[in-house]
Amino acid sequence: MQVLQILKTKGDDSVATIAPGSTVAAVAEALSQRRIGALIVSRDGKHVDGIVSERDVVRELGRRGPSVLNLPVDEIMTKNAVGCARTDTTDQVMERMSEGRFRHMPVMDGDVMIGLVSIGDVVKARLSELQLEKEALTGMIMGN
Ligand code: AMP
């Protein structure tokens, strides 16, 4: 399955973003309100300036204490977010997430962001692929 199909299944192609310069407190608030694990840092909602996840917030809170909440997100985000293309397969995305030890990837069309996939989306897609394969094989064996 390709990333394109995951995006179609998700239905909502909007990506949760936050503007550079926003505070870490605003990041925590958005993550909590939206019940998500990461935000794309973007000045216009299309170009990726960085990515910030709950892990960055927790790590920096642990390192620097609560004063980190007043810092701009730019200071704790990962600047070089690794993206994927809509034609990439679930296997390729899983491999890149596993190698990079992250769980979120912006989907890019050139330098424009067109969606976001999380490890949850990819695992769900892979499970449904495996289910279809299982049903096809069972059908072949049973002669259905
Ligand atoms: P996550 O597993 O997505 O919560 O992120 C773990 C760490 O990887 C955090 O430091 C994130 O800022 C960073 N990160 C998350 N997604 C990406 C990505 N697509 N490319 C590079 N770094 C990322």
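When a ligand or atom number is given, it counts from 1 through the structure's own listing order. Predicted, not measured: the structure shown is a model, and the values here were computed from it.
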_N-O pairing of Asp91 and Arg126 below 4.0 Å_ =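 Here Asp91 pairs with Arg126 in a salt bridge, since their nearest N and O are under 4.0 Å apart.
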*asked:* Quick test of your reading of the model: are Glu54 and Arg59 salt-bridged, counting only N-O distances below 4.0 Å?
replied: no
Do [X] and [Y] have side chains that approach each other closer than 4.5 Å (heavy atoms only, starting at C-beta)?
X	Y	value
His104	Val82	no
Arg86	Ile114	yes
Val3	Asp88	yes

*With a 4.0 Å cut-off on heavy atoms, is Ile119 touching ligand 1?*
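Ile119: no contact with ligand 1 (<4.0 Å).
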_Atoms of ligand 1 close to Ala81 [distance to a heavy atom under 4.0 angstrom, numbered from 1]_ = 20 (N), 21 (C)
*Considering the heavy atoms of Asn80, write down every atom of ligand 1 situated less than 4.0 Å from one of them.*
21 (C)
Please report which non-hydrogen protein atom sits nearest to [atom], along with the residue it belongs to and the distance in Å to one decimal place.
atom	answer
atom 5 (O) of ligand 1	Ser53 OG, 3.4 Å
atom 15 (C) of ligand 1	Phe102 CB, 3.4 Å
atom 22 (N) of ligand 1	Thr78 CG2, 3.5 Å
atom 10 (O) of ligand 1	Asp56 OD1, 2.5 Å

*Just checking, any donor-acceptor pair under 3.5 angstrom between side chains of Asn80 and Thr78?*
no
*Compare Arg103, His104, Arg59 and give the one whose heavy atom is closest to atom 2 (O) of ligand 1.*
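It is Arg103 whose heavy atom sits nearest to atom 2 (O) of ligand 1.
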*Any idea which of Val82, Leu39, Val93 brings a heavy atom closest to atom 20 (N) of ligand 1?*
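Nearest heavy atom to atom 20 (N) of ligand 1 lies in Val82.
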*N/O separation below 3.5 Å, Glu54 to ligand 1*: no
*Flag Met105 as yes when one of its N or O atoms lies below 3.5 Å from any N or O atom of ligand 1, and as no otherwise.*
no
*Separation of Ile18 CD1 from Arg43 CZ (nearest 0.5 Å)*: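 So the CZ of Arg43 and the CD1 of Ile18 are separated by 15.5 Å.
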*Is Leu71 reachable from Val41 through a run of I, L, V, M, F, W or Y residues, each pair having side-chain heavy atoms under 4.5 Å apart?*
yes
